[in-house]
Amino acid sequence: MKRKSKNSQNKNKDFFEKVYEITKMIPPGRVTTYGAIAKLIGSPSSSRLVGLALKYSLRLKEYIPAHRVVNRNGLLTGKHSFGDPNIMQQLLENEGIKVENNKVVNFKELFWDPYLHL
DNA sequence: AAGCTGACTATGG
DNA sequence: GCCATAGCCAGCT
């Protein structure tokens with residue numbers, strides 16, 4: 001059956017969904033990076049979309065531990081998207097992650113590699 | 001409907 | 001060693 005072209009809006013929503021799925025995998029007290037997620041999905045250069053997806057994930061009814069995702073420097077670049085800049089840091093500290101100067105302390109050690117989960 | 005934006009990252013000057 | 005630029009791609013306005 002050929003489908004009408006009106007369904008041409010079949011866009012790759014998988015990207016966002018995968019981002020959500022991977023983000024949910026992140027264990028408490030751990031953090032990962034946009035690049036790692038993007039690479040895991042298959043588009044290492046699409047790290048922006050990861051952040052974008054996480055931003056929109058905040059609107060979702062489902063809870064996504066978006067605060068566990070930081071940039072490759074361990075910097076809380078997305079803290080401002082939580083409504084108030086302190087929320088993200090509070091969430092991280094609540095899980096035992098130390099944040100100093102908007103940066104995750106011992107980021108390298110706390111980094112959770114999604115590949116290890118596969 | 002078309003263009004802008006963005007929670008990035010790597011590279012070059 | 002810091003600032004500027006380019007690539008990336010889809011959802012949002």
Side-chain angles (χ1 to χ4, degrees):
Chain A
M1 308 286 287
K2 70 166 112 171
R3 61 188 58 177
K4 294 280 189 169
S5 53
K6 76 172 183 179
N7 289 336
S8 61
Q9 296 183 354
N10 293 339
K11 296 192 177 174
N12 293 340
K13 228 163 159 188
D14 282 358
F15 194 97
F16 272 47
E17 291 184 6
K18 285 184 179 179
V19 172
Y20 301 148
E21 192 172 349
I22 295 170
T23 305
K24 289 189 214 170
M25 294 184 199
I26 305 172
R30 293 289 192 167
V31 293
T32 190
T33 66
Y34 306 98
I37 296 173
K39 188 174 183 181
L40 184 66
I41 294 174
S43 301
S45 303
S46 301
S47 49
R48 281 175 149 181
L49 278 306
V50 176
L52 204 60
L54 290 174
K55 182 171 124 188
Y56 294 134
S57 75
L58 297 175
R59 293 185 177 181
L60 295 180
K61 185 177 180 184
E62 176 136 13
Y63 175 74
I64 309 281
H67 58 277
R68 294 177 192 153
V69 184
V70 295
N71 75 347
R72 78 171 208 70
N73 294 317
L75 203 63
L76 278 57
T77 49
K79 67 173 184 180
H80 223 310
S81 296
F82 284 79
D84 287 318
N86 287 342
I87 296 177
M88 186 174 184
Q89 181 170 340
Q90 286 297 316
L91 289 171
L92 289 173
E93 288 181 346
N94 190 29
E95 295 182 354
I97 299 174
K98 296 178 184 175
V99 178
E100 204 168 305
N101 296 328
N102 292 340
K103 184 176 140 195
V104 176
V105 180
N106 296 331
F107 165 68
K108 186 177 178 183
E109 297 178 3
L110 293 175
F111 176 74
W112 180 77
D113 192 341
Y115 281 95
L116 299 180
H117 183 75
L118 301 180

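These numbers come from the heavy atoms of this one structure, side chains and all, not from hydrogens, waters or symmetry mates. Within every chain, numbering begins at 1; the chains are lettered A, B, ... in the order of the sequence lines, protein sequences first and strands thereafter.
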A.B. asks: In this structure, how many angstroms lie between the C1' atom of dA10(C) and the CZ atom of F15(A), rounded?
C.D. replies: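 To the nearest whole Å, that distance equals 9 Å.
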A.B. asks: From CZ of F107(A) over to C1' of dC8(B), roughly how many Å is that when rounded to an integer?
C.D. replies: 13 Å
A.B. asks: When the P atoms of dT5(C) and dT5(B) are considered, how many whole Å apart are they?
C.D. replies: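 Roughly 16 Å separates the two P atoms.
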A.B. asks: How long is the line joining CG of L54(A) and P of dC9(C), in whole Å?
C.D. replies: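 Roughly 18 Å, once rounded to whole Å.
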A.B. asks: Any idea which of dG11(C), dA7(B), dT13(C) is nearest the R59(A) side chain?
C.D. replies: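 Nearest to the side-chain atoms of R59(A), counting from C-beta on, is dT13(C).
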A.B. asks: Could you list the donor-acceptor pairs under 3.5 angstrom formed by side chains in residues 25-33 of chain A, with sequence neighbours left out?
C.D. replies:
{"unit_1": "R30(A)", "atom_1": "NH1", "unit_2": "E109(A)", "atom_2": "O", "d": "2.8"}
{"unit_1": "T32(A)", "atom_1": "OG1", "unit_2": "W112(A)", "atom_2": "O", "d": "3.1"}
{"unit_1": "T33(A)", "atom_1": "OG1", "unit_2": "A36(A)", "atom_2": "N", "d": "3.1"}

A.B. asks: Could you check how far CG of L75(A) sits from P of dT9(B), rounded to whole Å?
C.D. replies: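 Between P of dT9(B) and CG of L75(A): 10 Å.
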A.B. asks: Not counting sequence neighbours, list each pair that qualifies as a salt bridge (Lys or Arg N to Asp or Glu O under 4.0 Å) and has a residue in residues 65-80 of chain A.
C.D. replies: R68(A)-E95(A)
A.B. asks: Taking the P atom in each of dA2(B) and dC8(C), what is the distance between them to the nearest angstrom?
C.D. replies: 22 Å
A.B. asks: What's V70(A) touching, base or sugar-phosphate or nothing? Going by heavy atoms closer than 4.0 Å.
C.D. replies: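 Answer is nothing: V70(A) stays at 4.0 Å or more from every strand.
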A.B. asks: Would you say the side chain of H67(A) lies within less than 4.5 Å of the side chain of P65(A), judging by non-hydrogen atoms?
C.D. replies: yes
A.B. asks: Looking at OG of S47(A) and NZ of K39(A), how far apart are the two atoms once the value is rounded to the nearest 0.5 Å?
C.D. replies: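 Reported to 0.5 Å precision, the distance equals 12.5 Å.
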A.B. asks: What's the shortest heavy-atom distance between T77(A) and Y34(A), and which atoms?
C.D. replies: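 Nearest pair, atom of T77(A) first, then Y34(A): OG1-OH, 3.5 Å.
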A.B. asks: Just the rounded figure in Å: distance from P of dC8(C) to NZ of K39(A).
C.D. replies: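 Rounded to the whole Å, the gap is 17 Å.
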A.B. asks: Quick one: does S47(A) reach the base of dC8(B) with a side-chain donor-acceptor pair under 3.5 Å?
C.D. replies: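 Side chain to base: pair present.
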A.B. asks: Hey, which sits more toward the 5' end of DNA chain B by its nearest nucleotide, N71(A) or L49(A)?
C.D. replies: L49(A)
A.B. asks: Using atom names, set out every protein N or O paired with an N or O of nucleotides 10-12 of chain B below 3.5 Å, distance rounded to 0.1 Å.
C.D. replies:
{"unit_1": "dA10(B)", "atom_1": "OP2", "unit_2": "R72(A)", "atom_2": "NE", "d": "2.9"}

A.B. asks: Does atom CD of E93(A) have more than 12 heavy-atom neighbours, drawn from other residues, nucleotides or ligands, at distances under 6.0 Å?
C.D. replies: yes
A.B. asks: For a 4.5 angstrom cut-off between non-hydrogen side-chain atoms, does F15(A) reach Y20(A)?
C.D. replies: no
A.B. asks: With sequence neighbours left out, write down each residue that passes side chain to side chain donor-acceptor pair (under 3.5 Å) with K55(A), or none if nothing qualifies.
C.D. replies: none
A.B. asks: Under the salt bridge (charged side-chain N to carboxylate O under 4.0 Å, His left out) test, which residues partner K103(A), sequence neighbours left out?
C.D. replies: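 If we apply the salt bridge (charged side-chain N to carboxylate O under 4.0 Å, His left out) test to K103(A), skipping adjacent residues, there are no hits.
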A.B. asks: Students often get this wrong, so: under 4.0 angstrom with heavy atoms, is A53(A) touching a base, only sugar-phosphate, or nothing?
C.D. replies: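 If one applies the 4.0 Å heavy-atom cut-off, A53(A) turns out to touch nothing in the nucleic acid.
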A.B. asks: What interatomic distance, in whole Å, is found between P of dC9(C) and the corresponding atom of dA1(B)?
C.D. replies: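 Here dA1(B) and dC9(C) have their P atoms 24 Å from each other.
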A.B. asks: Would you say the side-chain atoms of D84(A) pair up with the backbone N or O of N86(A), donor to acceptor, closer than 3.5 Å?
C.D. replies: no
A.B. asks: Within residues 23-38 of chain A, which residues have any heavy atom lying less than 4.0 Å from an atom of DNA chain B?
C.D. replies: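 The stretch gives Y34(A), G35(A) as the residues lying under 4.0 Å from the strand, ordered by number.
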A.B. asks: Separation of R48(A) atom CZ from dC4(B) atom P, in whole Å?
C.D. replies: 14 Å
A.B. asks: Could you state the CZ-C1' distance from F16(A) to dG6(B), rounded to the nearest angstrom?
C.D. replies: 10 Å
A.B. asks: For S81(A), which contact category applies under a 4.0 Å heavy-atom criterion: base, sugar-phosphate, or nothing?
C.D. replies: base
A.B. asks: How many whole angstroms separate atom CG of L52(A) from atom P of dT13(C)?
C.D. replies: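 L52(A) atom CG is separated from dT13(C) atom P by 11 Å.
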A.B. asks: As a test of reading the structure: which of dA7(B), dC12(C), dC9(C) is closest to the side chain of Y56(A), going by heavy atoms?
C.D. replies: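 The answer is dC12(C), which lies nearest to the side chain.
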